[in-house]
Amino acid sequence: MKKEREWFRRFFRRSEEKFTSVDLRDANIFKKAYCAIASNIKTIIFLMCIFIIACTVVMYFGRRDSKSIVLSLNYEQASKGQNPNLTRYNIYELKSEEVMQKALAYAGLQDVLTPSELSENIDIAENNSGKVIDPLDENTYYISTSYTIKYRRNREIKNISTDDMVALICKAYNDVFHEEYVGTTSVLQYDLGDIDGMEYIEIARLFNNKADQMIRYIEQRIQENATYRSNLTGQSFQTIRRMLQNVEAYSIKKYYSFALESGLSRNRDHYIRTLNYHNEDVLGIKYQKFMIDYNIRKETVQNYDSAMIGTVMVPSVNERNEYYMSRTNIGTDYLTRDADFSLQQGSLVERDILENNDIIAKVSASNVEESEYQKAEELIVNVDNELKNVANIADTTDKDYIKHTTKDYLTFSDYENSDGAMFVLQSVIGLSIVFFIILCFTYYFVDGYIRRKEDKTDE
(Lines give C-alpha, C1' and ligand atoms only; values in the text may rest on other atoms or scores of the structure.)
Protein backbone atom coordinates (compact mmCIF):
# COMPACT_ATOMS: atom_id res chain seq x y z
CA MET A 1 0.00 0.00 0.00
CA LYS A 2 2.86 2.36 0.83
CA LYS A 3 4.50 1.60 -2.52
CA GLU A 4 1.28 2.43 -4.34
CA ARG A 5 1.04 5.72 -2.44
CA GLU A 6 4.63 6.57 -3.27
CA TRP A 7 3.97 5.81 -6.98
CA PHE A 8 0.84 7.95 -6.88
CA ARG A 9 2.68 10.85 -5.23
CA ARG A 10 5.15 10.93 -8.09
CA PHE A 11 2.33 11.98 -10.44
CA PHE A 12 0.15 13.91 -8.01
CA ARG A 13 0.96 16.50 -5.36
CA ARG A 14 -1.72 17.79 -3.01
CA SER A 15 -2.33 21.50 -3.24
CA GLU A 16 -1.89 21.90 0.55
CA GLU A 17 1.73 20.77 0.20
CA LYS A 18 2.58 23.76 -1.96
CA PHE A 19 0.06 26.33 -0.79
CA THR A 20 0.51 25.83 2.98
CA SER A 21 -0.50 29.41 3.76
CA VAL A 22 -3.81 29.11 1.94
CA ASP A 23 -6.94 27.72 3.58
CA LEU A 24 -8.52 25.85 0.69
CA ARG A 25 -11.53 24.71 2.68
CA ASP A 26 -13.20 28.12 2.32
CA ALA A 27 -11.78 28.86 -1.17
CA ASN A 28 -14.04 29.05 -4.23
CA ILE A 29 -13.95 26.49 -7.06
CA PHE A 30 -11.66 28.53 -9.27
CA LYS A 31 -9.08 29.01 -6.53
CA LYS A 32 -9.14 25.32 -5.68
CA ALA A 33 -8.73 24.39 -9.35
CA TYR A 34 -5.84 26.84 -9.75
CA CYS A 35 -4.04 25.45 -6.70
CA ALA A 36 -4.50 21.85 -7.83
CA ILE A 37 -3.20 22.59 -11.34
CA ALA A 38 -0.31 24.77 -10.14
CA SER A 39 0.79 22.06 -7.68
CA ASN A 40 1.07 19.51 -10.53
CA ILE A 41 2.07 21.73 -13.43
CA LYS A 42 5.29 19.76 -14.17
CA THR A 43 3.40 16.49 -14.38
CA ILE A 44 0.73 18.07 -16.58
CA ILE A 45 3.36 19.46 -18.94
CA PHE A 46 5.05 16.05 -19.09
CA LEU A 47 1.76 14.29 -19.92
CA MET A 48 0.94 16.96 -22.50
CA CYS A 49 4.28 16.37 -24.27
CA ILE A 50 3.64 12.61 -24.33
CA PHE A 51 0.15 13.20 -25.74
CA ILE A 52 1.35 15.60 -28.47
CA ILE A 53 4.07 13.18 -29.56
CA ALA A 54 1.57 10.33 -29.66
CA CYS A 55 -0.90 12.37 -31.74
CA THR A 56 1.83 13.36 -34.19
CA VAL A 57 2.96 9.74 -34.63
CA VAL A 58 -0.60 8.50 -35.14
CA MET A 59 -1.35 11.18 -37.74
CA TYR A 60 1.92 10.52 -39.56
CA PHE A 61 1.26 6.80 -39.92
CA GLY A 62 -2.37 7.51 -40.74
CA ARG A 63 -1.38 9.83 -43.60
CA ARG A 64 1.25 7.35 -44.80
CA ASP A 65 -1.35 4.58 -45.11
CA SER A 66 -3.76 6.69 -47.17
CA LYS A 67 -3.44 8.76 -50.31
CA SER A 68 -5.73 11.10 -52.20
CA ILE A 69 -5.57 11.96 -55.87
CA VAL A 70 -7.62 14.21 -58.13
CA LEU A 71 -9.22 12.70 -61.25
CA SER A 72 -10.02 15.25 -63.97
CA LEU A 73 -12.11 14.63 -67.11
CA ASN A 74 -10.67 16.69 -69.97
CA TYR A 75 -12.82 15.89 -72.99
CA GLU A 76 -15.73 17.87 -74.41
CA GLN A 77 -18.52 15.41 -73.56
CA ALA A 78 -17.53 15.35 -69.87
CA SER A 79 -19.31 18.66 -69.26
CA LYS A 80 -22.51 16.91 -70.36
CA GLY A 81 -22.02 13.93 -68.05
CA GLN A 82 -21.04 11.64 -70.93
CA ASN A 83 -18.22 9.36 -71.99
CA PRO A 84 -16.37 10.11 -75.26
CA ASN A 85 -18.73 7.69 -77.09
CA LEU A 86 -21.74 9.67 -75.73
CA THR A 87 -22.83 7.03 -73.20
CA ARG A 88 -23.60 8.12 -69.64
CA TYR A 89 -20.51 8.68 -67.46
CA ASN A 90 -20.42 6.96 -64.07
CA ILE A 91 -17.48 7.72 -61.78
CA TYR A 92 -18.27 4.71 -59.59
CA GLU A 93 -17.14 2.42 -62.40
CA LEU A 94 -13.70 3.14 -60.95
CA LYS A 95 -14.71 0.77 -58.13
CA SER A 96 -16.18 -1.84 -60.49
CA GLU A 97 -15.11 -5.45 -60.30
CA GLU A 98 -13.43 -5.24 -63.71
CA VAL A 99 -11.21 -2.33 -62.68
CA MET A 100 -10.41 -3.86 -59.29
CA GLN A 101 -9.49 -7.20 -60.86
CA LYS A 102 -7.19 -5.49 -63.36
CA ALA A 103 -5.53 -3.45 -60.57
CA LEU A 104 -4.96 -6.58 -58.48
CA ALA A 105 -3.54 -8.34 -61.53
CA TYR A 106 -1.11 -5.47 -62.13
CA ALA A 107 -0.04 -5.67 -58.48
CA GLY A 108 0.10 -9.47 -58.41
CA LEU A 109 -2.37 -9.58 -55.52
CA GLN A 110 -5.05 -11.82 -57.03
CA ASP A 111 -4.57 -14.39 -54.27
CA VAL A 112 -4.27 -11.81 -51.49
CA LEU A 113 -7.33 -9.58 -51.94
CA THR A 114 -10.73 -9.82 -53.59
CA PRO A 115 -12.04 -6.98 -55.80
CA SER A 116 -14.70 -6.12 -53.23
CA GLU A 117 -12.13 -5.90 -50.41
CA LEU A 118 -10.05 -3.48 -52.46
CA SER A 119 -13.02 -1.34 -53.49
CA GLU A 120 -14.17 -0.99 -49.85
CA ASN A 121 -11.03 1.04 -49.14
CA ILE A 122 -11.69 3.56 -51.92
CA ASP A 123 -13.77 6.68 -51.36
CA ILE A 124 -14.90 9.04 -54.12
CA ALA A 125 -16.01 12.66 -53.69
CA GLU A 126 -17.02 15.31 -56.22
CA ASN A 127 -14.96 18.46 -56.43
CA ASN A 128 -16.27 21.95 -57.04
CA SER A 129 -15.14 22.19 -60.67
CA GLY A 130 -18.23 21.01 -62.45
CA LYS A 131 -20.44 22.81 -64.93
CA VAL A 132 -23.87 24.25 -64.21
CA ILE A 133 -26.26 23.63 -67.10
CA ASP A 134 -28.67 26.53 -67.67
CA PRO A 135 -28.76 28.12 -64.20
CA LEU A 136 -32.01 29.92 -65.08
CA ASP A 137 -33.81 26.62 -65.48
CA GLU A 138 -35.58 25.30 -62.39
CA ASN A 139 -34.65 21.77 -63.42
CA THR A 140 -30.96 22.61 -63.78
CA TYR A 141 -28.43 20.02 -62.71
CA TYR A 142 -24.80 20.02 -61.68
CA ILE A 143 -22.18 17.95 -63.46
CA SER A 144 -18.75 17.44 -61.96
CA THR A 145 -15.69 16.97 -64.13
CA SER A 146 -13.27 16.56 -61.22
CA TYR A 147 -13.26 14.03 -58.41
CA THR A 148 -11.12 13.30 -55.37
CA ILE A 149 -10.22 9.62 -54.98
CA LYS A 150 -9.01 8.53 -51.54
CA TYR A 151 -7.46 5.12 -50.94
CA ARG A 152 -6.78 3.62 -47.52
CA ARG A 153 -4.12 0.91 -47.51
CA ASN A 154 -5.44 -2.63 -47.03
CA ARG A 155 -3.85 -4.43 -44.10
CA GLU A 156 -3.26 -7.51 -46.24
CA ILE A 157 -0.90 -5.59 -48.57
CA LYS A 158 2.66 -5.90 -47.35
CA ASN A 159 5.15 -5.33 -50.17
CA ILE A 160 3.48 -2.55 -52.17
CA SER A 161 3.42 1.05 -51.01
CA THR A 162 0.24 3.09 -50.87
CA ASP A 163 1.50 5.38 -53.65
CA ASP A 164 2.24 2.42 -55.94
CA MET A 165 -1.14 0.82 -55.27
CA VAL A 166 -2.95 4.07 -56.08
CA ALA A 167 -0.95 4.35 -59.32
CA LEU A 168 -1.97 0.81 -60.31
CA ILE A 169 -5.64 1.52 -59.57
CA CYS A 170 -5.47 4.65 -61.75
CA LYS A 171 -3.77 2.71 -64.54
CA ALA A 172 -6.42 -0.03 -64.39
CA TYR A 173 -9.26 2.49 -64.58
CA ASN A 174 -7.59 4.40 -67.41
CA ASP A 175 -7.13 1.18 -69.41
CA VAL A 176 -10.71 0.03 -68.89
CA PHE A 177 -12.04 3.52 -69.72
CA HIS A 178 -10.18 3.63 -73.03
CA GLU A 179 -11.13 0.05 -73.92
CA GLU A 180 -14.83 0.63 -73.24
CA TYR A 181 -15.48 4.22 -74.28
CA VAL A 182 -12.71 5.51 -76.55
CA GLY A 183 -12.26 4.53 -80.21
CA THR A 184 -13.56 0.97 -80.24
CA THR A 185 -13.34 -0.27 -83.87
CA SER A 186 -15.01 -3.45 -85.11
CA VAL A 187 -13.16 -3.40 -88.47
CA LEU A 188 -9.86 -4.36 -86.84
CA GLN A 189 -11.46 -6.92 -84.54
CA TYR A 190 -11.13 -9.66 -87.15
CA ASP A 191 -13.55 -12.56 -87.21
CA LEU A 192 -13.99 -14.69 -90.33
CA GLY A 193 -17.29 -16.12 -89.13
CA ASP A 194 -18.97 -19.36 -90.15
CA ILE A 195 -17.74 -20.50 -93.59
CA ASP A 196 -18.76 -24.17 -93.46
CA GLY A 197 -21.46 -23.78 -96.12
CA MET A 198 -19.63 -21.19 -98.22
CA GLU A 199 -18.11 -21.96 -101.61
CA TYR A 200 -14.32 -21.86 -101.90
CA ILE A 201 -14.26 -18.95 -104.38
CA GLU A 202 -16.62 -16.97 -102.14
CA ILE A 203 -14.31 -17.57 -99.18
CA ALA A 204 -11.48 -15.96 -101.18
CA ARG A 205 -13.72 -12.97 -101.88
CA LEU A 206 -14.57 -12.76 -98.19
CA PHE A 207 -10.86 -12.71 -97.37
CA ASN A 208 -10.37 -9.85 -99.83
CA ASN A 209 -13.28 -7.88 -98.40
CA LYS A 210 -11.95 -8.23 -94.84
CA ALA A 211 -8.47 -7.15 -95.91
CA ASP A 212 -9.81 -4.20 -97.97
CA GLN A 213 -11.87 -2.94 -95.01
CA MET A 214 -8.83 -3.00 -92.73
CA ILE A 215 -6.63 -1.33 -95.36
CA ARG A 216 -9.13 1.51 -95.84
CA TYR A 217 -9.26 2.07 -92.07
CA ILE A 218 -5.46 2.01 -91.74
CA GLU A 219 -5.12 4.50 -94.64
CA GLN A 220 -7.30 6.94 -92.67
CA ARG A 221 -4.90 6.60 -89.75
CA ILE A 222 -1.96 7.22 -92.07
CA GLN A 223 -3.55 10.47 -93.21
CA GLU A 224 -3.93 11.50 -89.57
CA ASN A 225 -0.39 10.56 -88.50
CA ALA A 226 1.96 8.96 -91.00
CA THR A 227 4.93 8.81 -88.62
CA TYR A 228 3.30 7.26 -85.56
CA ARG A 229 4.90 4.02 -84.31
CA SER A 230 3.44 2.01 -81.43
CA ASN A 231 5.65 1.24 -78.45
CA LEU A 232 3.64 -1.94 -77.83
CA THR A 233 3.92 -3.53 -81.28
CA GLY A 234 6.84 -1.60 -82.75
CA GLN A 235 4.78 -1.12 -85.94
CA SER A 236 3.59 1.95 -87.79
CA PHE A 237 0.36 2.20 -89.75
CA GLN A 238 2.34 2.18 -92.98
CA THR A 239 4.03 -1.13 -92.16
CA ILE A 240 0.66 -2.61 -91.16
CA ARG A 241 -0.80 -1.54 -94.51
CA ARG A 242 2.08 -3.29 -96.31
CA MET A 243 1.49 -6.41 -94.23
CA LEU A 244 -2.18 -6.48 -95.25
CA GLN A 245 -1.32 -5.79 -98.88
CA ASN A 246 1.17 -8.67 -98.83
CA VAL A 247 -1.48 -11.02 -97.49
CA GLU A 248 -3.79 -9.93 -100.31
CA ALA A 249 -1.13 -10.10 -103.03
CA TYR A 250 0.35 -13.47 -102.07
CA SER A 251 -1.61 -15.61 -99.62
CA ILE A 252 -5.18 -14.72 -100.66
CA LYS A 253 -4.28 -14.62 -104.36
CA LYS A 254 -2.55 -17.99 -104.08
CA TYR A 255 -5.59 -19.53 -102.47
CA TYR A 256 -7.97 -17.93 -105.00
CA SER A 257 -5.88 -19.13 -107.94
CA PHE A 258 -5.76 -22.65 -106.57
CA ALA A 259 -9.50 -22.76 -105.91
CA LEU A 260 -10.27 -21.35 -109.38
CA GLU A 261 -7.90 -23.54 -111.39
CA SER A 262 -8.99 -26.65 -109.48
CA GLY A 263 -12.66 -25.80 -109.97
CA LEU A 264 -13.41 -26.44 -106.29
CA SER A 265 -17.01 -26.36 -105.11
CA ARG A 266 -18.99 -27.80 -102.23
CA ASN A 267 -22.15 -28.22 -104.31
CA ARG A 268 -21.35 -27.95 -108.03
CA ASP A 269 -24.86 -27.81 -109.50
CA HIS A 270 -26.20 -25.35 -106.96
CA TYR A 271 -23.14 -23.12 -107.29
CA ILE A 272 -23.39 -23.01 -111.11
CA ARG A 273 -27.10 -22.15 -110.96
CA THR A 274 -26.37 -19.38 -108.45
CA LEU A 275 -23.65 -17.87 -110.64
CA ASN A 276 -25.86 -18.00 -113.74
CA TYR A 277 -28.71 -16.32 -111.89
CA HIS A 278 -26.38 -13.65 -110.56
CA ASN A 279 -24.99 -12.96 -114.04
CA GLU A 280 -28.32 -12.79 -115.83
CA ASP A 281 -30.72 -11.30 -113.31
CA VAL A 282 -28.46 -9.15 -111.17
CA LEU A 283 -25.25 -8.16 -112.93
CA GLY A 284 -26.83 -8.26 -116.38
CA ILE A 285 -29.53 -5.78 -115.43
CA LYS A 286 -27.02 -3.49 -113.74
CA TYR A 287 -24.77 -3.61 -116.82
CA GLN A 288 -27.65 -2.72 -119.12
CA LYS A 289 -28.66 0.20 -116.90
CA PHE A 290 -25.15 1.68 -116.84
CA MET A 291 -24.72 1.28 -120.60
CA ILE A 292 -28.12 2.87 -121.32
CA ASP A 293 -27.13 5.84 -119.14
CA TYR A 294 -23.79 6.04 -120.94
CA ASN A 295 -25.27 5.88 -124.44
CA ILE A 296 -27.97 8.47 -123.71
CA ARG A 297 -25.46 10.98 -122.37
CA LYS A 298 -23.00 10.27 -125.15
CA GLU A 299 -25.66 10.78 -127.79
CA THR A 300 -26.84 13.99 -126.11
CA VAL A 301 -23.32 15.43 -126.15
CA GLN A 302 -22.85 14.48 -129.81
CA ASN A 303 -26.16 16.06 -130.78
CA TYR A 304 -25.57 19.22 -128.79
CA ASP A 305 -25.56 22.40 -130.90
CA SER A 306 -21.91 23.13 -131.59
CA ALA A 307 -22.62 26.81 -131.23
CA MET A 308 -23.54 26.21 -127.61
CA ILE A 309 -20.37 24.34 -126.73
CA GLY A 310 -18.05 27.28 -126.65
CA THR A 311 -15.91 27.86 -123.64
CA VAL A 312 -17.68 30.01 -121.07
CA MET A 313 -15.44 32.59 -119.42
CA VAL A 314 -16.42 34.56 -116.35
CA PRO A 315 -14.56 37.45 -114.65
CA SER A 316 -12.86 36.41 -111.42
CA VAL A 317 -10.34 37.66 -108.86
CA ASN A 318 -7.21 35.76 -107.84
CA GLU A 319 -5.39 35.69 -104.47
CA ARG A 320 -3.52 38.91 -105.31
CA ASN A 321 -6.83 40.68 -106.00
CA GLU A 322 -6.14 40.72 -109.75
CA TYR A 323 -8.92 40.30 -112.33
CA TYR A 324 -8.77 37.44 -114.82
CA MET A 325 -11.20 35.44 -117.01
CA SER A 326 -11.88 32.01 -115.56
CA ARG A 327 -13.33 29.03 -117.45
CA THR A 328 -16.46 27.47 -115.94
CA ASN A 329 -18.28 24.21 -116.57
CA ILE A 330 -21.27 24.06 -118.90
CA GLY A 331 -24.00 21.46 -119.47
CA THR A 332 -21.94 19.24 -121.76
CA ASP A 333 -19.18 19.05 -119.14
CA TYR A 334 -21.56 17.53 -116.65
CA LEU A 335 -23.04 15.16 -119.23
CA THR A 336 -19.57 14.01 -120.26
CA ARG A 337 -18.58 13.40 -116.68
CA ASP A 338 -21.76 11.38 -116.01
CA ALA A 339 -21.18 9.37 -119.19
CA ASP A 340 -17.64 8.51 -118.10
CA PHE A 341 -18.91 7.39 -114.68
CA SER A 342 -21.58 5.14 -116.21
CA LEU A 343 -19.07 3.61 -118.61
CA GLN A 344 -16.63 2.97 -115.77
CA GLN A 345 -19.28 1.29 -113.61
CA GLY A 346 -20.52 -0.75 -116.55
CA SER A 347 -16.97 -1.96 -117.22
CA LEU A 348 -16.64 -3.10 -113.60
CA VAL A 349 -19.92 -5.03 -113.80
CA GLU A 350 -18.84 -6.57 -117.10
CA ARG A 351 -15.60 -7.69 -115.48
CA ASP A 352 -17.58 -9.43 -112.71
CA ILE A 353 -19.72 -11.19 -115.31
CA LEU A 354 -16.66 -12.42 -117.18
CA GLU A 355 -15.10 -13.59 -113.92
CA ASN A 356 -18.23 -15.53 -113.01
CA ASN A 357 -18.30 -17.09 -116.50
CA ASP A 358 -14.73 -18.20 -116.01
CA ILE A 359 -15.64 -19.75 -112.63
CA ILE A 360 -18.62 -21.54 -114.18
CA ALA A 361 -16.41 -22.98 -116.91
CA LYS A 362 -13.73 -24.15 -114.45
CA VAL A 363 -16.20 -25.67 -111.99
CA SER A 364 -18.16 -27.41 -114.77
CA ALA A 365 -15.03 -29.03 -116.22
CA SER A 366 -13.38 -29.92 -112.91
CA ASN A 367 -12.63 -33.40 -111.59
CA VAL A 368 -11.39 -32.61 -108.11
CA GLU A 369 -9.54 -35.15 -105.98
CA GLU A 370 -9.73 -35.41 -102.20
CA SER A 371 -6.16 -34.18 -101.79
CA GLU A 372 -7.06 -30.91 -103.49
CA TYR A 373 -9.88 -30.30 -101.02
CA GLN A 374 -7.46 -30.96 -98.16
CA LYS A 375 -4.94 -28.51 -99.60
CA ALA A 376 -7.67 -25.90 -100.00
CA GLU A 377 -8.67 -26.31 -96.34
CA GLU A 378 -5.02 -25.91 -95.31
CA LEU A 379 -4.73 -22.72 -97.39
CA ILE A 380 -7.90 -21.35 -95.78
CA VAL A 381 -6.47 -21.96 -92.32
CA ASN A 382 -3.16 -20.31 -93.31
CA VAL A 383 -4.82 -17.22 -94.77
CA ASP A 384 -7.16 -16.95 -91.80
CA ASN A 385 -4.23 -17.13 -89.35
CA GLU A 386 -2.26 -14.52 -91.31
CA LEU A 387 -5.16 -12.08 -91.39
CA LYS A 388 -5.92 -12.73 -87.73
CA ASN A 389 -2.29 -12.07 -86.78
CA VAL A 390 -2.08 -8.83 -88.77
CA ALA A 391 -5.49 -7.73 -87.45
CA ASN A 392 -4.35 -8.27 -83.86
CA ILE A 393 -1.23 -6.19 -84.51
CA ALA A 394 -3.34 -3.51 -86.21
CA ASP A 395 -5.91 -3.46 -83.40
CA THR A 396 -3.24 -3.22 -80.68
CA THR A 397 -1.42 -0.49 -82.59
CA ASP A 398 -4.64 1.43 -83.17
CA LYS A 399 -5.63 1.24 -79.50
CA ASP A 400 -2.16 2.39 -78.50
CA TYR A 401 -2.49 5.27 -80.97
CA ILE A 402 -5.89 6.23 -79.59
CA LYS A 403 -4.52 6.15 -76.05
CA HIS A 404 -1.61 8.30 -77.22
CA THR A 405 -3.86 10.90 -78.82
CA THR A 406 -6.36 10.86 -75.94
CA LYS A 407 -3.89 10.49 -73.07
CA ASP A 408 -5.20 13.68 -71.49
CA TYR A 409 -8.83 12.53 -71.46
CA LEU A 410 -8.25 11.36 -67.88
CA THR A 411 -5.57 13.00 -65.76
CA PHE A 412 -4.57 11.91 -62.28
CA SER A 413 -2.77 14.37 -60.02
CA ASP A 414 -1.75 14.29 -56.39
CA TYR A 415 -4.22 15.91 -54.04
CA GLU A 416 -2.42 19.10 -53.00
CA ASN A 417 -4.11 20.76 -50.08
CA SER A 418 -2.18 23.93 -49.25
CA ASP A 419 -3.82 23.90 -45.83
CA GLY A 420 -2.79 20.31 -45.13
CA ALA A 421 0.05 21.12 -42.74
CA MET A 422 -2.04 23.80 -41.07
CA PHE A 423 -4.91 21.32 -40.70
CA VAL A 424 -2.61 18.82 -38.95
CA LEU A 425 -1.25 21.55 -36.70
CA GLN A 426 -4.73 22.75 -35.83
CA SER A 427 -5.84 19.19 -35.13
CA VAL A 428 -2.93 18.55 -32.77
CA ILE A 429 -3.49 21.88 -31.00
CA GLY A 430 -7.22 21.23 -30.70
CA LEU A 431 -6.73 17.73 -29.29
CA SER A 432 -4.06 19.03 -26.92
CA ILE A 433 -6.38 21.70 -25.58
CA VAL A 434 -9.10 19.12 -24.99
CA PHE A 435 -6.62 16.81 -23.30
CA PHE A 436 -5.33 19.70 -21.11
CA ILE A 437 -8.88 20.52 -19.99
CA ILE A 438 -9.49 16.86 -19.15
CA LEU A 439 -6.27 16.78 -17.11
CA CYS A 440 -7.28 19.93 -15.25
CA PHE A 441 -10.66 18.51 -14.32
CA THR A 442 -9.06 15.23 -13.35
CA TYR A 443 -6.51 16.88 -11.01
CA TYR A 444 -9.17 19.14 -9.57
CA PHE A 445 -11.49 16.25 -8.68
CA VAL A 446 -8.64 14.07 -7.40
CA ASP A 447 -7.37 16.92 -5.22
CA GLY A 448 -10.85 17.49 -3.79
CA TYR A 449 -11.37 13.77 -3.23
CA ILE A 450 -8.11 13.46 -1.24
CA ARG A 451 -8.90 16.58 0.75
CA ARG A 452 -12.28 15.20 1.74
CA LYS A 453 -10.70 11.89 2.72
CA GLU A 454 -8.17 13.65 4.95
CA ASP A 455 -10.89 15.78 6.59
CA LYS A 456 -12.80 12.62 7.51
CA THR A 457 -9.64 11.04 8.89
CA ASP A 458 -8.93 14.10 11.06
CA GLU A 459 -12.45 13.93 12.49
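In this chain, numbering begins with 1 at the start of the sequence shown.
Contact detail for I393 and Q235: the closest heavy-atom pair is CG2-CG, 3.8 Å. When every heavy atom of Y89 is checked against every heavy atom of N83, the shortest pair comes out as CD1-OD1, 3.0 Å.
Side chain to side chain, N382 and S251 fail the donor-acceptor criterion of an N or O pair below 3.5 Å. Between the side chains of E93 and Y173, not a single donor N or O lies within less than 3.5 Å of an accepting N or O. Between S257 and E261, the side chains place no donor N or O within less than 3.5 Å of an acceptor N or O (distance only, hydrogens not considered). Between D398 and Y217, the side chains place a donor N or O and an acceptor N or O closer than 3.5 Å (distance only, hydrogens not considered).
For E224 and R221, the salt-bridge test passes: some basic side-chain N is under 4.0 Å from an acidic carboxylate O. A salt bridge does not link D191 to K388: none of the charged nitrogens lies less than 4.0 Å from a carboxylate oxygen. The pair E378-K375 does not count as a salt bridge, with every side-chain nitrogen at least 4.0 angstrom from each carboxylate oxygen. The pair E355-R205 meets the salt-bridge criterion, with a side-chain N (NZ, NE, NH1 or NH2) lying under 4.0 Å from an Asp/Glu carboxylate O.
Not a single donor-acceptor pair under 3.5 Å links the side chain of S262 to the backbone N or O of A259. A distance-only check finds a donor-acceptor pair linking the side chain of E117 to the backbone of T114 [under 3.5 Å]. Put simply, the side chain of N154 never gets that close to the backbone of E156: no donor and acceptor are under 3.5 Å apart. A donor-acceptor pair under 3.5 Å is formed between the side chain of N385 and the backbone N or O of V381. Between the R229 side chain and the G234 main chain, a donor and an acceptor come within less than 3.5 Å of each other. For the pair N246 (side chain) and R242 (backbone), a donor-acceptor distance under 3.5 Å is present. The closest donor-acceptor contact from the side chain of H278 to the backbone of T274 lies at 3.5 Å or more, if one exists at all.
Here the CD-CG distance, from Q77 to N85, works out to 8.5 Å after rounding to the nearest 0.5 Å. Atom CD1 of I157 sits about 7.5 Å away from atom CG of L104, to the nearest 0.5 Å.
Relative ring orientation between F290 and F341 is described as perpendicular, the plane-to-plane angle rising above 60° on a 0-90° scale split at 30° and 60°.
Counting only heavy atoms from C-beta outward, the side chains of L73 and Y147 approach each other to under 4.5 Å. The shortest distance between side-chain heavy atoms of D395 and Y190 does not fall below 4.5 Å. Considering only heavy atoms from C-beta on, I195 comes within 4.5 Å of L192 through its side chain. Residues E199 and I203 form no side-chain contact, since every pair of their non-hydrogen atoms from C-beta on lies 4.5 Å or further apart. Side-chain contact between Y228 and S230 is present, with heavy atoms from C-beta onward closer than 4.5 Å. The side-chain heavy atoms of L113 and M100, taken from C-beta on, include no pair separated by under 4.5 Å. In this structure, L410 and S72 have side chains that are not in contact, with every pair of non-hydrogen atoms separated by 4.5 Å or more. Side-chain contact between L387 and L244 is present, with heavy atoms from C-beta onward closer than 4.5 Å.
Relative to the ring axis of Y200, R266 places its NZ or CZ within 45° and under 6.0 Å from the centre.
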